[in-house]
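One is the number of the first residue; the rest follow in order along the sequence. Just so you know, these numbers come straight off a predicted model, no measurement behind them.
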Amino acid sequence: MVQATAFLLVLFLALGAHGLSVKKCSLTGRWVNDLGSNMTIRTVNANGDFSGSYHTAVTATSNEIKLSPLQGSLQKGPNQKGQPTFGFTVNWSFSDAITVFTGQCFVDDDGKEVLKTMWLLRSHMENIKNDWKATRTGTNVFTRLQSQE
């Protein structure tokens, strides 16, 4: 009787675990990063392309910060997993710079989605002698903004 109960318990756990699905990370929605910048990504199409907007909380210019468009691509295809890689470009509406981000969408141990990114920001330079200071790099971690309903 004890062996049958142990067998049924193991069988139940195995079948129950099979029914649990791993949460997939989705880029679509509103995000905030560790510096307070906000990003919205609209629907990702079947090819993995997406667009959205970015409102930065930090800038190296004295210009008024404005909402800026972003365009990106999510890795698609037979190798795509539940925690996909992606890249996007922000064309700053208020400066002569452009930033490219690359990263991965993760689901952490608590089931929360997190975007881990690295970026390159290229600023316009008047001449090649100043090219050395034209590119900056950094990292950001984005978390999903919860709706204010």
Quiz item: Does L70 offer a backbone N or O that forms a donor-acceptor pair with the side chain of S51 under 3.5 Å?
Solution: no
Quiz item: Can you name the closest pair of heavy atoms from R144 and S26 and give their distance?
Solution: NH2-O, 2.5 Å
Quiz prompt | Distance in Å, K66 NZ paired with T56 OG1, rounded so as to fall on 0.5 Å steps | solution = 15.0 Å
Self-check item: Closest non-hydrogen atom pair between V44 and L74, with its separation
Solution: CG1-CD2, 3.8 Å
Self-check item: For S123, all residues meeting side chain to side chain contact (heavy atoms under 4.5 Å, CB included), sequence neighbours excluded
Solution: A97, L121, M125
Show me the donor-acceptor pairs within less than 3.5 Å that the side chains of residues 100-109 make with the rest of the protein, sequence neighbours left out.
unit_1 : atom_1 : unit_2 : atom_2 : d
T102   : OG1    : F86    : O      : 3.4
Q104   : NE2    : Q83    : O      : 2.7
D108   : OD1    : D110   : N      : 2.9
D108   : OD1    : G111   : N      : 3.1
D108   : OD1    : K112   : N      : 2.8

Quiz item: Rounded to the nearest 0.5 Å, what separation is found between the CZ atom of R30 and the OG atom of S53?
Solution: 9.5 Å
Practice problem: Quick one: pull up NZ in K133 and OG1 in T135 and give me the separation to the nearest 0.5 Å. | Solution: 12.5 Å
Quiz item: Which pair of non-hydrogen atoms, one from N45 and one from K76, has the smallest distance, and what is that distance?
Solution: O-CE, 4.0 Å
Exercise. Report the residue from N140, T143, T139 that forms a side-chain hydrogen bond (donor to acceptor under 3.5 Å, both in side chains) with D34.
Key: N140
Exercise. Look at R122 together with D131 and state whether they make a salt bridge at an N to O cut-off of under 4.0 Å.
Key: yes
Exercise. Determine the minimum heavy-atom distance between F50 and G87, stating which atoms define it.
Key: CZ-O, 3.8 Å
Quiz prompt | Heavy-atom neighbours of R136 CZ exceed 12 at 6.0 Å | solution = no
Quiz prompt | Residue from L115, V114, L145, T40 passing side chain to side chain contact (heavy atoms under 4.5 Å, CB included) with W31 | solution = L115
Quiz item: If you measure only the distance, is there a donor-acceptor pair under 3.5 Å linking the side chains of T137 and W119?
Solution: no
Quiz item: When rounded to the nearest 0.5 angstrom, what distance separates CD1 in I41 from CD in Q71?
Solution: 11.0 Å
Quiz item: Side-chain contact, heavy-atom cut-off 4.5 Å: S73 with F88?
Solution: no
Quiz item: Between the main-chain N or O of K129 and the side-chain N or O of N127, is there a donor-acceptor pair closer than 3.5 Å?
Solution: yes
Quiz prompt | N91 CG to I98 CD1 distance, which is reported to the nearest 0.5 Å | solution = 4.5 Å
Quiz prompt | Worked check of side-chain hydrogen bond (donor to acceptor under 3.5 Å, both in side chains) between N33 and Y54 | solution = CA-CA 11 Å; N33 73 17; Y54 198 104; 3.2 Å; yes
Quiz item: Which pair of non-hydrogen atoms, one from S93 and one from S68, has the smallest distance, and what is that distance?
Solution: N-OG, 2.9 Å
